[in-house]
Amino acid sequence: METTLTLDEINIRYGHENHIFIEEKTAGFPIITLQSPTATATVAAHGGHVLSYTPNGEEPVLWLSALSHYKEGKAIRGGIPIIFPWFGPHPSDTDKPSHGFARTRFWTLHSTRLINGEFPQVRFQLMDGELTRSLWPSKFSLELVVTLQESLKVELFIKNEDTKPFTCTCALHSYFAVSHISNIEIQGLEKTSFIDQLTGGPLKVQEGPITFNAEKDNIYVDTAATCKIIDPGFKRAVIVEKSGSLSTVIWNPWIDKSARMSDFGDDEYTGMVCIEAANAAHNAITISPSQTHLLSTSIRAESI
Ligand code: BG6
């Protein structure tokens, strides 16, 4: 998006009547609204960050903190942060930002379109530059495509623009809204090995469906499985499919960690859970020059 354009000019160029329009949350912080016949989604140019996805007449599917920052350089708390080129703390330099830099940069709005005249799609790009190369040496381009159809589809194309292969970890770090964390379960990762980030140590194995009664921060490895949040309070199941991802991260900060985060309300942990389509730990990916890796997730809700 050319920053010299006014909001009206941006809407003339990228808007589609009743389906795609651009507003500013605060000056210089554009938010793109996508509206299909059955749902609404919003995406911030900052981070290429999906903020919301709400089927008509339903509870929001994604969770967003009431205390989130909306400021260049600060990650938005909730929605779908894009994690690249490292997941979690930087492996060798903890002064570098947690979860990489893609979620704290403004992305360029590249194009918008309507599929079959009613399903909106928006495309953003992020390229390497001086700042990214001061944190991570490789040349890359990222393209994010968000499509609102029967489901919300988020596709991240990671291209190696360098002359040497690079290895990265990454995630679509989706935060889901739930009626109460104590009353849900997540199905799909039964019998899957995981790294318990809270205890460390050898891999553990998930026995039954995942339930919550304390902080949880698990990286499930070597899994391409679809997950399902069963939420009797909201009378729905949220189905989270993914591709190009062999790790799934399940996170809820519970009481003490919530209290330590300035952009997370003390009681907000009761209304959220993260299911992240990732490539982390030994599922890191190596991309050759000129090659592209596609990481994607598709999210929908069904009544139960
Ligand atoms: C999860 C990690 O993906 O993100 C957790 O597994 C981390 O360890 C959480 O606490 C939130 O990270 P951040 O950097 O957004 O506070």
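When a ligand or atom number is given, it counts from 1 through the structure's own listing order. Index from 1, following the sequence.
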Worksheet item: Considering only heavy atoms of Arg103, which atoms of ligand 1 have at least one such atom less than 4.0 Å away?
Response: 13 (P), 14 (O), 15 (O)
Item to complete: Would you confirm whether His19, through its side chain, and Pro120, through its main-chain N or O, come within 3.5 Å as a donor-acceptor pair?
Response: no
Worksheet entry | Nearest-0.5 Å distance, CD1 of residue Ile22 to CG of residue Asp8 | 10.5 Å
Worksheet item: Just by distance, with hydrogens left out, do Gln121 and Thr147 show a side-chain donor and acceptor under 3.5 Å apart?
Response: yes
Worksheet item: Pick one: which of Trp254, Trp63, Tyr175 meets ring-ring contact (aromatic ring centres under 6.0 Å, His included) with Phe264?
Response: Trp63
Worksheet item: Which ligand 1 atoms are under 4.0 Å away from a heavy-atom of Glu276?
Response: 1 (C), 3 (O)
Worksheet item: Does CG belonging to Asp267 count more than 12 external heavy atoms closer than 6.0 Å?
Response: no
Worksheet item: Out of Lys257, Gln197, Met261, whose heavy atom sits nearest atom 7 (C) of ligand 1?
Response: Lys257
Worksheet item: Taking the six-membered ring of Phe166, is the NZ or CZ of Lys164 close enough (under 6.0 Å from the centre) and on axis enough (within 45°)?
Response: no
Fill in: Contact partition for Lys216 relative to ligand 1, non-hydrogen atoms under 4.0 Å
neither
Fill in: Worked verdict on Thr248 versus Thr223 for side chain to side chain donor-acceptor pair (under 3.5 Å)
CA-CA 7 Å; Thr248 297; Thr223 174; 4.9 Å; no
Discussion item. Looking at ligand 1, would Arg260 count as a contact under a 4.0 Å heavy-atom criterion?
Written reply: no
Item to complete: Give the residue and atom name of whichever protein heavy atom lies nearest to atom 12 (O) of ligand 1, and the separation in Å to one decimal.
Response: His99 NE2, 3.4 Å
Fill in: Closest protein heavy atom to atom 16 (O) of ligand 1, given as residue, atom name and distance to 0.1 Å
Arg77 NH2, 3.0 Å
Item to complete: Could you find the nearest protein heavy atom to atom 6 (O) of ligand 1 and give me its residue, atom name and distance?
Response: Asp217 OD1, 2.6 Å
Item to complete: Considering heavy atoms of the protein only, find what lies nearest to atom 11 (C) of ligand 1 and give residue, atom and distance to 0.1 Å.
Response: Trp251 CH2, 3.6 Å
Worksheet item: What atoms of ligand 1 come within less than 4.0 Å of a heavy atom belonging to Ser98?
Response: 14 (O)
Worksheet, complete the sentence: To the nearest 0.5 Å, atom OG of Ser141 lies from atom CD of Glu161 at 3.5 Å
Worksheet item: Which atoms of ligand 1 are found less than 4.0 Å from any heavy atom of Phe87?
Response: 3 (O), 6 (O)
